[in-house]
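Values reported hereafter were calculated over all heavy atoms of this structure, with side chains retained and with hydrogens, waters and symmetry mates removed.
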Amino acid sequence: DTKVTNVAYTGTNSTQYRAWAYDAVSLVDPQGRDIGFADDYELIDYFPNEGYYSIIFTYPRAVAAQVSSVTIETAKYS
């Protein structure tokens, strides 16, 4: 069950924003497929009280010292 929205935020209060923000982000695998919030290698979570997303690598393919960058992309809602 993938909780992804393609609707821009139109709410009027923080409760509505938190619900929207939770569904506003999804992971995309190297083949370009929407994998929702997690797969065998990574997961993403939203912390509404703090207002941030956390990406956790559950089965890294490299030691952190070997990683020089991570790419995070955004997409405009249609």
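With sequence neighbours excluded, the residues forming a side chain to side chain contact (heavy atoms under 4.5 Å, CB included) with Ile44 are Val25, Leu27, Phe37, Tyr53, Ile55, listed by chain and number. Legend: residues meeting side chain to side chain contact (heavy atoms under 4.5 Å, CB included) with Ser54, ordered by chain and number and at least two apart, are Phe47, Tyr52, Ile56. Looking at residues two or more places apart in sequence or on another chain, you find a ring pair (Phe, Tyr, Trp, His ring centres under 6.0 Å) between Tyr17 and Tyr9, Trp20. Asp40 meets the side-chain hydrogen bond (donor to acceptor under 3.5 Å, both in side chains) test with no other residue; sequence neighbours excluded. Taking the side chain to side chain contact (heavy atoms under 4.5 Å, CB included) definition, one finds that Asn13 meets it with Thr15, Gln16, sequence neighbours left out.
Residue Val63 belongs to no hydrophobic cluster, having no ILVMFWY side-chain heavy atom closer than 4.5 Å to its own.
Contact detail for Thr58 and Glu42: the closest heavy-atom pair is OG1-N, 3.4 Å.
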